[in-house]
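When reading the values below, keep in mind they use all heavy atoms of this one structure, side chains included, and skip hydrogens, waters and symmetry mates.
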Amino acid sequence: AGVGSRKSATNNVVISIDPVNEFAPICNPERYEIKRVAENAGGSKVETLVCKDADIPAEPLAYTVQSIVSSPTAGKNDFEITDPTQGDIFAKTLDFETADSYTVTVLVSDGLKT
């Protein structure tokens with residue numbers, strides 16, 4: 001190697017890719033139609049929502065009752081989710097004379113998307 005000869009070196013570069021939270025949770029079915037008898041025992045499980053996060057890796061989901069609308073108007077707290085990490089909806093005592101139908105809106109979130 002003489003004067004002015006070229007020298008070179010190699011270097012490894014590690015590139016890490018972080019996942020992006022780009023998908024909202026998906027519930028299947030998207031809308032549930034449920035029938036229950038009057039005088040349903042308080043604390044009975046009415047339904048389990050089947051939802052998943054399409055992101056990889058999947059984020060844990062959180063379930064909360066966002067609103068309850070009944071017809072005719074009755075108590076607004078007739079349904080609850082006792083464990084926010086599970087999609088189980090529980091009913092308090094249901095009385096047909098008080099309300100004959102409910103629309104329960106459940107918010108499902110992966111922490112960023114709903």
Side-chain angles (χ1 to χ4, degrees):
V3 177
S5 64
R6 295 184 183 199
K7 300 198 179 0
S8 63
T10 60
N11 191 7
N12 292 326
V13 177
V14 176
I15 300 173
S16 298
I17 309 298
D18 289 334
V20 175
N21 188 345
E22 58 187 325
F23 301 109
I26 299 169
C27 298
N28 190 12
E30 200 171 287
R31 179 182 171 96
Y32 288 76
E33 298 279 338
I34 304 163
K35 293 189 183 270
R36 293 292 181 261
V37 296
E39 306 303 329
N40 188 56
S44 297
K45 182 164 64 170
V46 175
E47 188 64 62
T48 298
L49 301 180
V50 178
C51 304
K52 66 178 186 171
D53 183 14
D55 291 312
I56 297 175
E59 297 290 331
L61 299 179
Y63 300 82
T64 54
V65 173
Q66 189 173 30
S67 67
I68 301 171
V69 177
S70 58
S71 175
T73 303
K76 298 296 184 199
N77 296 315
D78 291 337
F79 296 89
E80 63 184 347
I81 293 176
T82 58
D83 181 348
T85 65
Q86 302 294 317
D88 298 332
I89 301 173
F90 292 89
K92 297 180 180 174
T93 302
L94 302 179
D95 183 1
F96 182 80
E97 286 77 25
T98 305
D100 60 8
S101 70
Y102 295 86
T103 299
V104 180
T105 303
V106 176
L107 178 69
V108 182
S109 174
D110 66 3
L112 294 175
K113 304 276 184 173
T114 56

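- Applying the side-chain contact (heavy atoms from CB on, under 4.5 Å) test to Thr48 and every residue at least two apart in sequence or in another chain returns Lys45, Asp88.
- With sequence neighbours left out, the side-chain hydrogen bond (donor to acceptor under 3.5 Å, both in side chains) criterion links Thr103 to no other residue.
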Please output the side-chain donor-acceptor pairs of residues 13-33 that fall under 3.5 Å, not counting sequence neighbours, one pair per line with the distance.
| unit_1 | atom_1 | unit_2 | atom_2 | d |
| --- | --- | --- | --- | --- |
| Asn21 | ND2 | Asp110 | OD1 | 3.3 |
| Asn21 | ND2 | Asp110 | OD2 | 3.3 |
| Arg31 | NE | Glu33 | OE2 | 2.8 |
| Arg31 | NH2 | Glu33 | OE2 | 3.2 |
| Tyr32 | OH | Val50 | N | 2.9 |

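- The salt bridge (charged side-chain N to carboxylate O under 4.0 Å, His left out) contacts involving residues 52-72 comprise nothing, where partners must be two or more places apart or lie in separate chains.
- Note: Thr64 OG1 to Glu80 CD = 13.0 Å, rounded to the nearest 0.5 Å.
- Annotation: side-chain contact (heavy atoms from CB on, under 4.5 Å) contacts of Val106 (sequence neighbours excluded): Leu49, Tyr63, Ile81, Ile89, Val104, Val108.
- Shown here is Ile34, whose CD1 atom has more than 12 heavy atoms of other residues, nucleotides or ligands within 6.0 Å.
- Nearest heavy-atom pair across Thr82 and Phe90 is OG1-CE1, 3.5 Å.
- In this structure Ser101 satisfies the side-chain hydrogen bond (donor to acceptor under 3.5 Å, both in side chains) test with no other residue, sequence neighbours excluded.
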